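For reference, the structure discussed in these notes is given below.
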Amino acid sequence: MACLLTNGRGLECREAVGGLRNVYFANHDTFGAYTVDADGQLTAVAGTANVFKYALNPQSSEYTETITVSEDNGTVFYEQVTTLMLPNLSKAALSALRLLTSGRFQIFTEDNNVNEANGFGQCYLVGAYNGASVTGGTVALGKALGDMSGYTLTITSRERKSALFVEPGTTTIFDGLGATITVVDS
């Protein structure tokens, strides 16, 4: 298969911001088959699933995707790393932490680039095929009164393709995917 360029890219306007707004965890392999268009956008899922929403403090969490290429082996893969800062330790928070560190998930990451028409940020499905799992983190009580008391998680996935773009719906962030996806807030 020839990999030929078909377009260029101009200098973009300065209208994007960084950071994550929310993440939504789904248990691995609950969506069934995916429909993905030629541009890498997830347009539909076959299954019915619950997703568990984690609201994030502004400027506290991040997502990074690293492209790894081996010229010798002729391979390329994408390492997807989501780093979450979750303040306020509690019995319930530690219970959720234990489940997160034991499981494998798909994660919908919603960024801070909110569309004023629907109120949702841009959304990407991380760990779409291989799932994502916790690969590190810390639990801290802090030292000074202003320090964070909570936990930080590093969640990693390695995929053959980059994270799938999800066009946010108009009523919920997921209503454009043609399936019943229920958001569980807490």
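Bear in mind the structure is a predicted one, so any value in this text is a computation, not a measurement. Quick note: residue numbers are just sequence positions, from 1.
- Contact record, Y78 with S162: CD1-N, 3.5 Å, taken as the closest heavy-atom pair.
- Under the 4.5 Å side-chain criterion, counting only non-hydrogen atoms from C-beta, V126 is not in contact with Q106.
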Q: Check step by step if side-chain contact (heavy atoms from CB on, under 4.5 Å) holds for R21 and D111.
A: CA-CA 5 Å; R21 185 173 186 218; D111 72 14; over 6 Å; no

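- Side-chain contact check for Y63 and E65: at least one donor-acceptor pair (N or O, by modelled atom type) lies under 3.5 Å.
- Residue I107 comes nearest to A132 through the heavy atom pair CD1-CB, 4.1 Å, listed as atom of the first residue, atom of the second, then distance.
- The CG atom of L141 sits 13.5 Å away from atom OH of Y151, with the distance rounded to the nearest 0.5 Å.
- Here CG of L177 is found 9.0 Å from CG of L125. Values are rounded to the nearest 0.5 Å.
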Q. Does the pair Q122 and Y124 meet the rule for a side-chain hydrogen bond (donor to acceptor under 3.5 Å, both in side chains), with working shown?
A. CA-CA 7 Å; Q122 292 179 6; Y124 302 86; 2.9 Å; yes

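- Under the ring pair (Phe, Tyr, Trp, His ring centres under 6.0 Å) test applied with Y24, the options F52, F120, F174 reduce to a single match, F174.
- At distances below 3.5 Å, not a single donor-acceptor pair connects side-chain atoms of E79 with backbone N or O atoms of T66.
- Summarising the local packing, CD of Q41 is surrounded by more than 12 heavy atoms from other residues, nucleotides or ligands at distances under 6.0 Å.
- Exactly one of V51, T109, I155 qualifies for a side chain to side chain contact (heavy atoms under 4.5 Å, CB included) with V23. That residue is T109.
- In summary, the side chains of N73 and S70 do present a donor paired with an acceptor at a separation below 3.5 Å, with no hydrogens or angles considered.
- One distance of note links OG of S157 with CZ of R104; it measures 9.0 Å at 0.5 Å rounding.
- Between the OG1 atom in T152 and the CE atom in M85 there is a gap of 5.0 Å [rounded to 0.5 Å].
- Proximity of a side-chain donor or acceptor of N130 to a complementary backbone N or O of G127 within less than 3.5 Å is not detected.
- When the side chains of ILVMFWY residues are joined at heavy-atom separations under 4.5 Å, either directly or via intervening members, L56 and L97 end up in a single hydrophobic cluster.
- Considering only heavy atoms from C-beta on, P87 comes within 4.5 Å of N57 through its side chain.
- Following chains of ILVMFWY side-chain contacts shorter than 4.5 Å, one can reach V183 starting from L42, so the two form part of one hydrophobic cluster.
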Q.
One pair to check against side-chain contact (heavy atoms from CB on, under 4.5 Å): N27 and D29. What are the steps and the verdict?
A. CA-CA 6 Å; N27 290 311; D29 283 342; over 6 Å; no

**Q.** CA sep, side-chain torsions, deciding dist, call: T68, V76, side-chain contact (heavy atoms from CB on, under 4.5 Å)
**A.** CA-CA 6 Å; T68 302; V76 60; over 6 Å; no

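- In this structure, G121 and P168 approach most closely via the heavy-atom pair O-CG, 3.2 Å.
- Between F105 and F25, the gap from one ring centroid to the other is short of 6.0 Å.
- Contact annotation: the side chain of F108 never approaches that of I173 to less than 4.5 Å [non-hydrogen atoms, C-beta and beyond].
- Side-chain atoms of N22 do not come within 3.5 Å of backbone N or O of E110 as any donor-acceptor pair.
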Q. Could you walk me through whether R158 and Q80 pass the side-chain contact (heavy atoms from CB on, under 4.5 Å) check?
A. CA-CA 6 Å; R158 291 179 186 90; Q80 304 165 342; over 6 Å; no

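- For D37 (side chain) and G40 (main-chain N/O), a donor-acceptor pair under 3.5 Å exists by modelled atom type.
- Criterion: ILVMFWY side-chain heavy atoms under 4.5 Å apart, direct or through other members. Under it, L89 and L153 are part of a common hydrophobic cluster.
- Clustering ILVMFWY residues whenever any of their side-chain heavy atoms sit less than 4.5 angstrom apart, transitively, puts V17 in a cluster other than the one holding L20.
- A donor-acceptor pair under 3.5 Å is absent between the side-chain atoms of E167 and the main chain of T43, judged by distance alone.
- Following chains of ILVMFWY side-chain contacts shorter than 4.5 Å, one can reach V134 starting from L84, so the two form part of one hydrophobic cluster.
- A donor-acceptor pair under 3.5 Å is formed between the side chain of S102 and the backbone N or O of R98.
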